[in-house]
Amino acid sequence: VSMDASNVIGRSFTFRGKEYTVNTRVNSSLDIDFVKIGYGFDVISNPMVSLGLFLYLMYADISAKISAPDLGISATGNVSGYSPALGIRGRVYIIPNKLSLTGELAGAEISDIVRYIEAEASIDYSIIENLGLSVGYKTIDLKAEKDDKKGDLTLNGPYFGLFLRF
């Protein structure tokens with residue numbers, strides 16, 4: 001995920017030791033790479049419905065850049081790390097083992113440092129038994145705090161993906 005924005009800010013803030021004052025035009029960019037690998041199993045499974053639990057191991061690499069040309073300042077920050085997540089998945093088959101409506105809810109909390117919640121709804125189509133396409137809507141809420149540093153990120157929107165199931 002990559003995003004760029006330019007706005008006049010409504011409140012002052014500090015990023016990487018640089019102060020950005022109210023009513024200043026700020027340019028920003030955000031790049032996020034997410035990779036997740038997981039294992040799930042169905043608690044309930046029949047040709048029309050499945051309900052299961054899953055465990056993910058996620059890796060995130062997040063980098064941000066903020067600049068205020070009028071103030072002559074800019075700063076860059078980067079954070080990366082691994083986190084486990086536990087979730088629940090429900091699936092209703094429109095065409096058994098071929099076309100389904102799927103919903104997922106997953107989350108993780110590591111001490112009081114990181115809280116992660118992800119929810120999605122999708123339509124999944126299996127091209128062959130273990131390979132398919134997915135189109136849906138996802139929302140991700142990530143909050144992190146350590147010492148005097150805080151981060152709060154919410155992403156949501158449509159997505160398209162490829163899945164591989166074993």
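Computation of the quantities below employed the complete heavy-atom set of this structure, encompassing side-chain atoms and omitting hydrogens, waters and symmetry-equivalent molecules.
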Inset, instruction - Tell me, with the steps shown, if Arg89 and Glu104 meet salt bridge (charged side-chain N to carboxylate O under 4.0 Å, His left out). - result: CA-CA 4 Å; Arg89 175 186 301 119; Glu104 286 187 9; 2.7 Å; yes
Members sharing Ile117's hydrophobic cluster, built from side-chain contacts under 4.5 Å between Ile, Leu, Val, Met, Phe, Trp and Tyr, are Tyr39, Phe41, Val43, Ile44, Leu51, Leu53, Ile88, Leu105
Open item on the list: Quick check: is Leu162 connected to Phe160 through a chain of hydrophobic side chains (ILVMFWY, heavy atoms under 4.5 Å apart)?
Closed with: yes
Residues joined to Val26 in its hydrophobic cluster, side chain to side chain under 4.5 Å directly or through other members, sorted by chain and number, are Ile9, Phe13, Phe15, Tyr20, Ile66, Leu71, Ile73
query = Are Leu155 and Tyr159 linked, directly or through other ILVMFWY residues, by side chains that come within less than 4.5 angstrom of each other?
reply = no
A quick test of your reading: do over 12 heavy atoms of other residues, nucleotides or ligands sit less than 6.0 Å from NZ of Lys65? no
Could you go through Lys98 and Tyr125, starting from their C-alpha distance and side-chain angles, then the distance that decides it, and tell me whether this counts as side chain to side chain contact (heavy atoms under 4.5 Å, CB included)? CA-CA 6 Å; Lys98 202 70 165 161; Tyr125 177 74; 3.7 Å; yes
Taken to the nearest 0.5 Å, the spacing of Thr154 OG1 from Asp141 CG works out to 4.0 Å
### Query
Out of curiosity, does Val79 fall in the hydrophobic cluster containing Leu30 (side-chain heavy atoms, cut-off under 4.5 Å, transitive links)?
yes
Taking every heavy atom of Ser63 against every heavy atom of Asn78, the minimum-distance pair comes out as CB-ND2, 3.4 Å
Does CG in Leu164 sit with more than 12 non-hydrogen atoms of other residues, nucleotides or ligands closer than 6.0 Å? yes
Separation between OG (Ser50) and CG (Asn97), nearest 0.5 Å, reads 9.5 Å
Contacts satisfying side chain to side chain donor-acceptor pair (under 3.5 Å) that involve residues 22-38 (not counting sequence neighbours) are Ser2-Asp31, Ser6-Arg25, Ser6-Asn27, Thr21-Thr24, Lys36-Glu118
**Message:** Can you confirm whether Tyr59 sits close enough to Ser80 that some side-chain heavy atom of one is under 4.5 Å from a side-chain heavy atom of the other?
**Reply:** yes
One should read off an interatomic distance between Leu57 CG and Tyr82 OH, to the nearest 0.5 angstrom, of 7.5 Å
Flag, side chain of Lys18 to backbone of Ser74, donor-acceptor distance under 3.5 Å
yes
- Message: Hydrophobic cluster membership, with links at side-chain heavy-atom distances under 4.5 Å among I/L/V/M/F/W/Y: are Leu101 and Leu99 in one?
- Response: yes
Minimal heavy-atom distance between Tyr93 and Ser100, with the atoms involved, is CD2-CB, 3.7 Å
_Quick check on Arg165: does its CZ atom have over 12 non-hydrogen neighbours (other residues, nucleotides or ligands) under 6.0 Å away?_
yes
The reported gap from CZ in Arg115 to OG in Ser83 (rounded to nearest 0.5 angstrom) is 12.5 Å
Answer with yes or no whether the hydrophobic clustering places Met58 together with Phe163; edges join I, L, V, M, F, W, Y residues whose side-chain heavy atoms lie under 4.5 Å apart. no
Between the OG atom in Ser134 and the CD1 atom in Ile123, the distance rounded to the nearest 0.5 Å is 9.0 Å
Output for pair (Ile32 CD1, Met3 CE), nearest 0.5 Å, gives 4.5 Å
